[in-house]
Amino acid sequence: MLELSVIREKPDWVKERLAIKNFPHLQLVDEIVELDKKRRSIQKELDDLLHKSKSISKEIGELYKQGKREEAEALKQEPKRLKEEINKLEDNFDAIKQEEFDRLIKLPNLPHSCVPKGHLPEDNVEVRSGGELPQLSGDALPHWELGEKYNILDMRLGSKLTGAGFPVFIGKGARLQRALINFFLDEARSAGYTEIQPPHLVNEKSAFATGQLPDKEGQMYHIVEDKFFLIPTAEVPLTNIYRDEIVSEADFPIKVAGYTPCFRREAGSYGKDVRGLNRVHQFDKVEIVQITHPDHSYATLEEMLEHVEGLLEKLELPYRVLRLCGGDSTFASALTYDLETYSAAQKRWLEVSSVSNFETFQSNRLKLRFRDKESKKTRLAHTLNGSALALARIVATLLENNQTPEGIVIPWALRQYTGFEIIN
RNA sequence: GGUGAGGUGGGUGAGUGGCUGAAACCACCAGUUUGCUAAACUGGCGUACUCUAACGGGUACCGCGGGUUCGAAUCCCGCCCUCACCGCCA
């Protein structure tokens, strides 16, 4: 959620920035400015009335104490009359506040100044790349066929148990998953993150605070009976740990990491994009989250990006780093880097990580603040997160790129975790 | 799931209708004292919205939401959560 003060002070600039994200409803900004003005004038009026009513009540109390019953009784009429006025004004105030809020939550975050305009994946900027694209022979198999061939991945079984898009990993496939999770968690710990095991279901407040609600409601699985949501990413519980907190500046940077399965409905996806592990309803992911001082968040973003790149290098996977254009970056982020690996049998890039700085967009909803040393006032902290890494697609790339006539070769860094060197 | 007790500021905890945005203590911050540290003493110390050029005001908030009343932390209703015991149970 954007900060009201920014909209109030620089509405034109806000609109300019929103245009880069191709946000079509720029009139919302003007409407908010108007509503805000109205809201504040009503609040002044309301506060004055409340003040009047309150002081009369105090007076009545005084009179009773002095034994002046009749005078007290006589005074009771005035606050009673004021109350009607106050109630009306309050209704009005609440309605306007609600209208303002409804508009405010529709505005996406403002993109950072380096975010390119655009709305197509082609408009994303390749920042750098790493690793060598593997040369596979013509009869190289896509990962879903490899999964079947070596009996390590069964999509059809998942359909039987649950539905399409719920993979089942078997034998060395399952062990590979577990190895990757452990590897990623160990790497995160070495990088200074505290490991957390959060709940996999969250309540509405949490889903709202990180921006999943109301924007992406349709993308989450919903437990209707208890009003819980299955998490689409560990970002939600990990960041919400700090909801309604005023942290100490000395605690920065706060670094937490956690492994969770992620559940996504992926409504509207179809075709070859969703084959095998390319797009599934449940996948495993290790997420890293940092909470920092606003002055340092962009340095932190680079640090997190480097961490994820390091993982891909250790896994010997070819990758590229994209700076997302305005139209392609998410609702809540100010700047996002996507990392993609090249899946050589499919001959396509797969997104395996997304590293974002949300600046104060999430913390404003979270009410996550810190006390500024100099001004002694509370300020919103910056939140960041990144996948480090998302498993399903990593596995897809790994299987495809490392296939040999003898079997699928496990990268060196993973062997101490898998306990085997080859899947055959 | 059942029954009972309870939810007050960073912490402990007082407060059953007005003088309570909230005692006291602890923690914390600033200062005095001190060779240093400690102790002692003095002062300060919630959040949000809002008015003001500023000084300084106003309003709301005692788990959340409603109600009664001139007036609610305090009374009433609903919900949430915590603890204890019982039941069930990986």
Side-chain angles (χ1 to χ4, degrees), chain A residues 1-9 32-105 197-209 213 223-229 237 240-252 254 360 362-381:
Chain A
M1 189 160 66
L2 294 179
E3 294 172 73
L4 250 183
S5 56
V6 175
I7 296 176
R8 188 185 301 150
E9 281 156 30
I32 289 168
V33 171
E34 264 317 295
L35 287 164
D36 187 54
K37 222 180 265 174
K38 222 189 267 181
R39 194 199 89 231
R40 284 188 295 159
S41 100
I42 293 177
Q43 178 167 359
K44 179 82 176 75
E45 219 178 313
L46 187 58
D47 284 356
D48 288 347
L49 286 179
L50 281 167
H51 177 54
K52 211 192 272 180
S53 161
K54 213 173 146 177
S55 36
I56 295 172
S57 289
K58 258 183 194 160
E59 219 177 302
I60 294 172
E62 278 305 310
L63 290 171
Y64 270 119
K65 219 161 297 154
Q66 294 166 16
K68 300 175 181 169
R69 268 193 78 88
E70 279 170 35
E71 278 181 56
E73 293 291 336
L75 263 183
K76 283 187 184 176
Q77 292 313 309
E78 179 66 1
K80 220 170 189 173
R81 193 188 61 74
L82 281 174
K83 182 140 193 189
E84 283 176 36
E85 226 175 306
I86 287 169
N87 282 341
K88 258 186 230 164
L89 213 52
E90 241 166 17
D91 289 346
N92 202 220
F93 180 77
D94 290 344
I96 286 178
K97 202 173 165 186
Q98 187 65 45
E99 276 187 59
E100 188 182 10
F101 180 77
D102 288 345
R103 282 166 177 73
L104 199 54
I105 59 173
Q197 278 201 24
H200 299 167
L201 272 64
V202 292
N203 58 28
E204 275 180 52
K205 265 189 189 168
S206 296
F208 172 78
L213 287 179
I223 312 272
V224 178
E225 208 170 18
D226 299 292
K227 292 186 185 153
F228 294 150
F229 294 89
N240 269 283
I241 292 172
Y242 300 96
R243 173 153 49 85
D244 294 321
E245 293 288 332
I246 300 175
V247 300
S248 161
E249 199 175 328
D251 295 336
F252 288 146
I254 294 171
T360 59
Q362 289 184 329
S363 58
N364 194 24
R365 290 187 177 199
L366 289 156
K367 295 197 174 59
L368 162 52
R369 294 154 295 169
F370 68 98
R371 193 169 299 284
D372 189 87
K373 268 190 209 141
E374 278 161 34
S375 70
K376 308 267 185 190
K377 287 189 173 169
T378 57
R379 287 178 66 186
L380 295 171

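Chain naming here is simple, since letters A, B, ... match the order of the sequence lines and numbering starts at 1 in each. Keep in mind that the numbers below use all heavy atoms, side chains included, and drop hydrogens, waters and symmetry copies.
- Across all strands shown, B:C19 forms no Watson-Crick or G-U wobble pair with both distances under 3.5 Å.
- Rounded to whole angstrom, the span from the CG atom of A:Leu82 across to the C1' atom of B:G71 amounts to 13 Å.
- Rounded to an integer number of Å, the gap from NZ of A:Lys44 to P of B:G57 is 15 Å.
- The nucleotide whose nearest atom lies closest to any side-chain atom of A:Arg40 is, among B:U59, B:C19, B:U50, B:U50.
- Within the 4.0 Å cut-off from OP1 or OP2 of B:G58, not a single side-chain nitrogen or oxygen of A:His51 is found.
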Stepwise side chain to side chain contact (heavy atoms under 4.5 Å, CB included) test for A:Glu59 and A:Glu78: CA-CA 12 Å; A:Glu59 219 177 302; A:Glu78 179 66 1; over 6 Å; no
A:Met1/A:Phe101 under side chain to side chain contact (heavy atoms under 4.5 Å, CB included): CA gap, chis, key distance, verdict: CA-CA 10 Å; A:Met1 189 160 66; A:Phe101 180 77; 3.8 Å; yes
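- Spacing between atom NZ of A:Lys97 and atom P of B:U59 amounts to 17 Å, rounded to whole angstrom units.
- Electrostatic pairing of A:Glu85 and A:Lys88 does not count as a salt bridge here, judged by no charged N lying under 4.0 Å from a carboxylate O.
- Across all strands, A:Lys54 comes closer than 4.0 Å only to sugar-phosphate atoms, never to a base (heavy-atom distances).
- As judged by a 4.0 angstrom heavy-atom cut-off over every strand, A:Arg8 is placed among residues touching the sugar-phosphate backbone only.
- The residue A:Arg39 sits close only to the backbone: its heavy atoms come under 4.0 Å of sugar-phosphate atoms, none of a base.
- Pairing for B:C83 goes to B:G4, judged as Watson-Crick or G-U wobble with the two contacts each under 3.5 Å.
- Of the C1' atoms belonging to B:A60 and B:G4, the separation is 34 Å, rounded to the nearest Å.
- With a 4.5 Å cut-off on side-chain heavy atoms, A:Leu2 and A:Ile32 do not count as touching.
- Atom pair A:Phe370:CZ and B:G46:P shows a separation of 19 Å (rounding to whole Å applied).
- Across all strands shown, B:C75 pairs with B:G67; the Watson-Crick or G-U wobble distances both stay below 3.5 Å.
- The NZ-P distance, from A:Lys227 to B:C79, rounds to 12 Å in whole Å.
- When the P atom is compared between B:G9 and B:A5, the two are found 22 Å apart, to the nearest whole Å.
- Of the options A:Lys58, A:Arg69, A:Glu73, A:Glu71, a side-chain contact (heavy atoms from CB on, under 4.5 Å) to A:Leu63 is made by A:Glu71 and by none of the others.
- Rounded to whole Å, atom P of B:C70 lies 13 Å from atom CG of A:Asn87.
- Under the Watson-Crick and G-U wobble criteria, each requiring two contacts below 3.5 Å, nucleotide B:G31 is paired to B:C41.
- In summary, A:Arg39 and A:Asp36 engage in a salt bridge, as defined by a charged side-chain N under 4.0 Å from a carboxylate O.
- Ring-plane geometry between A:Phe370 and A:Phe252 is classed as perpendicular, the angle between the planes exceeding 60 degrees on a 0 to 90 degree scale with a lower cut at 30.
- With both pairing distances under 3.5 Å, B:C88 is matched to nothing as a Watson-Crick or G-U wobble pair.
- The partner of B:C49 is B:G58, by the rule that a Watson-Crick or G-U pair needs both atom distances under 3.5 Å.
- Figure legend. B:G9 is base-paired to no nucleotide; pairs are counted as Watson-Crick or G-U wobble with both atom distances under 3.5 Å.
- Between B:A23 and B:A14, the distance separating the two P atoms is 14 Å to the nearest Å.
- For A:Lys76 and B:G18, the NZ to C1' distance is 12 Å, given to the nearest whole Å.
- In this structure, of B:C49, B:U47, B:C19, it is B:C19 that holds the atom nearest to the side chain of A:Lys65.
- At the heavy-atom level, A:Thr378 lies under 4.0 Å from the strands shown only through sugar-phosphate atoms.
- Looking at which nucleotide of RNA chain B each of A:Leu4 and A:Leu50 is closest to, the 5′-most match is held by A:Leu4.
- Straight-line distance between the C1' atoms of B:U59 and B:G43: roughly 28 Å, to the nearest whole Å.
- Rounded to a whole Å, the CZ atom of A:Arg371 is 11 Å from the C1' atom of B:C29.
- Applying the 4.0 Å criterion to OP1 and OP2 of B:C70, one finds that A:Arg69 has every side-chain N and O outside that range.
- Nucleotides B:U74 and B:U8, compared at atom C1', are 11 Å apart to the nearest Å.
- Comment: A:Asp48 engages A:Lys44 in a salt bridge, judged by a side-chain N to carboxylate O separation of less than 4.0 angstrom.
- Across all strands, A:Ile60 comes closer than 4.0 Å to base atoms (heavy-atom distances).
- Nucleotides B:G63 and B:U50 place their C1' atoms 26 Å apart, quoted to the nearest Å.
- The base of B:U69 sits with one of its N or O atoms less than 3.5 Å from a complementary donor or acceptor on the side chain of A:Lys83.
- The side chain of A:Asp47 approaches B:G58 more closely than any other nucleotide in the set B:G58, B:C70, B:C19.
- When the P atom is compared between B:C89 and B:G78, the two are found 32 Å apart, to the nearest whole Å.
- Both A:Ile56 and A:Lys52 lie close to RNA chain B; mapped to their nearest nucleotides by heavy-atom distance, the more 5′-ward contact belongs to A:Lys52.
- Separating the P atom of B:A30 from that of B:G21 is a span of 30 Å, rounded to the nearest Å.
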